[in-house]
Amino acid sequence: MPYDHRSVEPKWQARWRAARLHQTTFDPARPKFYALDMFPYPSGAGLHVGHCEGYTATDIITRWKRMQGCNVLHPMGWDAFGLPAENYAIKTGIHPRVTTEKAIANFRRQIDSIGFAYDWDREVNTTDPQYIKWTQWIFLQLYNKGLAYEGTVPINWCPSCKTGLANEEVTQGCCERCGSGVERKDMRQWLLRITRYADRLLEDLAELDWPESTLAMQRNWIGRSDGAEAIFKVVEPSRVGEGGLRPPEPERGREWEPSQGSHIVDEIKVFTTRPDTLYGATYMVLSPEHPLVDSLTTPAQQAAVRAYQVAARRKSDLERTDLAKEKTGAFTGAFAINPVNHEKIPVWIADYVLSSYGTGAIMAVPAHDQRDYEFASKFNLPIRPVVRPADGHTPAPDQAFVDDGIAVNSGDLDGLSTPQAKAKVTGQLEARGLGRAMVSFRLRDWVFSRQRYWGEPIPIVHCPTHGTVPVPESALPVTLPEVERYQPTGTGESPLAGIESWVKTTCPTCGGPARRETNTMPQWAGSCWYYLRYLDPKAAHEPWSKQVEQQWQPVDLYVGGAEHAVLHLLYSRFWHKVLYDLGYVSTKEPFKKLRHQGTVLAYSYQDALGRYHEMSEIELRGDDAILKATGEKLKVAVDKMAKTKLNGVNPDDVVAEYGADVLRLYEMFMGEFELPKPWDARAIEGCARFVKRVWRLVEEFDEKKAPAGDPLLRLRHKTIKRVTGDLDRMAFNTAVAAMMEYLNELTSSGATREDLLTLIKLLGPFAPHLGDEAWEKLGQPGFLLQVPWPSFDEALTRDAVVTLGVQVNGKLRGDVQVARDAPEAEVREKAMAVPNVAKHLAGKTVRKVIVVAGKIVNIVVS
RNA sequence: GCCGGAGUGGCGGAAUGGCAAACGCAGCGGACUCAAAAUCCGCCGUCCUAACAGGCUUAAGGGUUCGACUCCCUUCUCCGGCACCA
């Protein structure tokens, strides 16, 4: 009987379910393996072949680990808060919960149809009140530690989504979700002090087995810069010597306190990574929002400065960060004293200085900073070189010399190399109380508010007497009220603000009337800790128990898309470290090993008018794609899968046509796991043939006709070794190739029972339905998952007789068969006797013969 | 501009510094068939050749080495990320 996936696959899925085969168990005597997939947002579109790639990889690894005797944890859940469901609710009035539940049911069905071995007893859903409760609980831990605070900051405002965005959600000045230009808008926000963990988030990357690109992205995002703070005293306008209060400490992420002249402005702090160029500072620049601007500005310059501030404020982020644009700025009328040479230099404001980085003010060294150079050129400010190239070459004119070199025109720094000069001048500043070594981070505090309905309410109450008061743990979760309209108000307040009955509450401290916080958490909140809830998904009185945490943490293998390299993966590391400090988790890092699946691309077909056509309308002939209806030859391209390109591949269709095992095999066989690769509707046929041929070999197996002895013993051991090693390296494509080669040989030379059993065991993790069906057919008891992974004998993976290539001067001229352990002299002799080799040796003197055992012989002649 | 990754047949891709192109797709030839599909067998980088034997070939150019797809330097192209971060 030919193999029929339509009956075989559901049969085994039902048997696995009935046997509770995928339920997690824990035996302290065995090693543990925690494999985690990035849980999906259950969208209406359903599962994507991209999801399947990552899920198949972890599924194969966990099945393999179970066969190797590990305790395996392999859970799945739903990142179910999110804008699409809410946007749909705005359009249709259907509650996001309803849409989400439907989408989850569909995802579940799809996932089960592919035969993934998830332990559904541990399913988590971020929108479940019991889950929300602990998300809010963690927020309160952050709040109590002073890591969550309110601030009014200019945030990224998406006019289309009508909500504030985190920095991480803004790409190229546009909303990552909808592409609209992002505006700046002042809003009261909740922020999380991730900056306090910047150093640890950076340092601990060193202990992770993560892709280099992701580590680099995190390092860049955190952006540690070592440098110095320098203090410039302000001498204009005539306020010097009045004494009094210092200006407020600039604190990133906070609203600048307006300086109404109630205190004396007396110094400007700057951050620089090049303190060695201090002698070259010829002017200063404050960001337009800097708190000292008002008090510094002289009456004569006031109008110009105000006008510039207003203009800067009106600019979108996109305009402000446009690199190509000309530098702009305004002079404040004030002057400051350069702390090293006491020179009086002008103070400007300009929007190329960001209020949110460093101290929001810079010393400008136009000779050695390209931005300062452009600004100085435009406004005719002096440019003074204070570093010369160490190799004596003349730096290019018309631009700044930004490399390290030797200090010149710099007083007692002259002649020092850049690192030496940095150290010396920093020490001098420190001694005089005019500066110190300082570290700055690019990372900003995390804007943790969304003005939306479909998210976790922030568990805070605002009391007129007691200010912000956390909701007591006993009153958690704060759940979402039912609403009639889901529209964002567009004023910056969430739809929750309009539900008076929900907003009105009492103060937990004094019992007086109070109002609930109406901001909700961003979608990232739930995904910050879901990997911990899987450990103990039903715990009612704690988020997870200490015991299970110690059993399973950390995650041994985390697989998901590279698009989360700096979002989710940085946020959850931050939360994890806070939980570590509080003693709730025992590891510094949550995810030991991380891998990203490569994007699955697809061929798209475009006609002469630029219209895209679906696969079903097309006939493939060799390299050409022909539109069936008209016979037109179409333009073929490889693109990301997109609705507009009609090139999406739906796993349901693939399962229906070829079956889950073929889908799984092809996903793995397509190419290297971590690289992008195109889905080829023809190439999948190769995997379908492989499955059929395996089945035929098993079905037609006849013990009586099997070859005598064990002719493929060595190949069998080699194959076990290859597949095992490939799984260890997550080289799934070559593992499949090894099994194909083995099958080819079994088909042509004949298989023993042991050969077949081994092939099926190796194949089981990849094609579990075929695996169990064949296992049963061969009369074996139980499920493959309960069978030990085959082992190999290293000695049997090596051939007794090997074929060596024979080179003459590095060029292959023949080969020779020798015993693997033949003495070198014999190999040498036989190699030189090969006729074609001898021909190339004729008349030459042999200088050297290199024999690499089991590999090659190279004869060097001249 | 900076950071990261990648460049190998018609295509997807293999190769701890040791016989480049495994495995698969497509293509070509053959078997089976009334025929087609399915299946099976053979060929399949490129140039020269009747064939044997050769020459060339892993983006380009140099280097190290007996030997380089692999290591080092320079350059080019593509993909991803960041981008006035002082």
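Letters go in sequence order (proteins before strands), and every chain restarts at 1.
B:C82 and B:C19: their C1' atoms are spaced 45 Å apart (whole Å). Comparing B:G17 with B:G27, their C1' atoms sit 35 Å apart, to the nearest whole Å. Between the P atoms of B:C69 and B:G18, the separation comes to 10 Å (whole Å). Taking atom C1' in both B:A59 and B:C79, one finds a spacing of 15 Å when rounded to whole Å. Atom name C1', nucleotides B:C76 and B:U64: the rounded distance is 23 Å, in whole Å. The same atom, C1', is picked in B:C48 and in B:A53; the two are 11 Å apart, to the nearest Å. B:G55 and B:G4 have their C1' atoms separated by 40 Å, given to the nearest Å.
Residue-level contact check: A:Pro211 touches neither bases nor backbone, having no heavy atom under 4.0 Å from any strand. Among the atoms of the strands shown, only primed sugar atoms or phosphate atoms (P, OP1, OP2) are found under 4.0 Å from some heavy atom of A:Asn220. Counting any heavy atom pair closer than 4.0 Å across all strands shown, A:Arg219 reaches no nucleic acid atom. When heavy atoms are screened at a 4.0 angstrom cut-off, A:Val860 is found touching the sugar-phosphate backbone but no base atom. Nucleic acid contact for A:His368: none, since no nucleic acid atom lies under 4.0 Å from a heavy atom of the residue. Within 4.0 Å (heavy atoms only), A:Asn744 reaches sugar-phosphate atoms of the nucleic acid but no base atom. At a threshold of 4.0 angstrom between heavy atoms, the contacts of A:Thr803 include nucleobase atoms, whether or not backbone atoms are also involved. Looking at heavy-atom distances under 4.0 Å, A:Arg693 makes contact with sugar-phosphate atoms alone, never a base. A:Gln807 comes within 4.0 angstrom of a base, heavy atoms only. Among the protein residues, A:Tyr666 comes within range of no part of the nucleic acid, since none of its heavy atoms lies under 4.0 Å from any strand. Backbone-only engagement by A:Arg696 is indicated by non-hydrogen atom pairs under 4.0 Å involving sugar-phosphate atoms exclusively.
Between A:Lys811 and B:A68 there is no side-chain polar atom (N or O) within less than 4.0 angstrom of OP1 or OP2. Listed pair A:Arg813 / B:A53 fails the phosphate criterion, with no side-chain N or O lying under 4.0 Å from OP1 or OP2. Residue A:Asn836 places at least one side-chain N or O under 4.0 Å from the OP1 or OP2 atom of B:G54. Applying the 4.0 Å criterion to OP1 and OP2 of B:C25, one finds that A:Arg689 has a side-chain N or O inside that range.
For the pair A:Trp695 CH2 and B:U39 C1', the interatomic distance rounds to 18 Å; values are reported in whole Å. Rounding to whole angstrom units, CE of residue A:Met217 and P of B:A83 are separated by 12 Å. Distance A:Trp679 CH2 to B:G24 P: 19 Å, rounded to the nearest Å. Taking atom CD1 of residue A:Ile859 and atom P of nucleotide B:G67, one finds them 15 Å apart after rounding to whole Å. Note: CD (A:Glu794) to C1' (B:U16) measures 13 Å, nearest angstrom. For A:Trp221 and B:G81, the CH2 to C1' distance is 10 Å, given to the nearest whole Å. Put simply, CZ on A:Phe669 is 17 Å from P on B:C11, counting in whole angstrom units. Rounded to an integer number of Å, the gap from A:Asp680 CG to B:C11 C1' is 7 Å.
Near-neighbour residues of RNA chain B inside residues 728-738 of chain A, defined by a heavy atom below 4.0 Å, number-ordered: A:Arg729, A:Asn733, A:Thr734, A:Ala737.
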Dot-bracket for RNA chain B: what is it, with Watson-Crick or G-U pairs under 3.5 Å, [ ] where a pair crosses earlier ones, and | for a pair to another strand?
(((((((..(((.....[....))).(((((.......))))).(((......)))..(((((..]....))))))))))))....
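Under 3.5 Å, the side chains of A:Asn220 and A:Arg442 contain no donor-acceptor pair of N or O atoms. A donor and an acceptor atom, one from each side chain of A:Ser862 and A:Arg847, are located under 3.5 Å apart. Looking at A:Thr734 and A:Asp726, their side chains do bring a donor and an acceptor atom within 3.5 Å of each other.
Heavy atoms from other residues, nucleotides or ligands lying under 6.0 Å from NZ of A:Lys844 number 12 at most.
Taking the six-membered ring for Trp and the full ring otherwise, the centers of A:Tyr658 and A:Tyr666 sit at least 6.0 Å from each other.
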Let's go through A:Tyr279 and A:Asn338 carefully: what are the C-alpha distance in whole Å and the side-chain angles of both, what is the deciding distance for side-chain hydrogen bond (donor to acceptor under 3.5 Å, both in side chains) to 0.1 Å, and is it a yes or a no?
CA-CA 8 Å; A:Tyr279 284 87; A:Asn338 184 324; over 6 Å; no
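The glycosidic torsion of B:G9 lies within 90° of 0, which places this base in the syn conformation.
With distances taken from any side-chain atom of A:Tyr603 to the nucleotides B:G18, B:C11, B:G80, the minimum falls on B:C11.
No donor-acceptor pair under 3.5 Å is formed between the side chain of A:Arg813 and the backbone N or O of A:Asn836.
A cation-pi arrangement is absent between A:Lys327 and A:Phe375 under the rule of less than 6.0 angstrom and at most 45 degrees off the ring axis.
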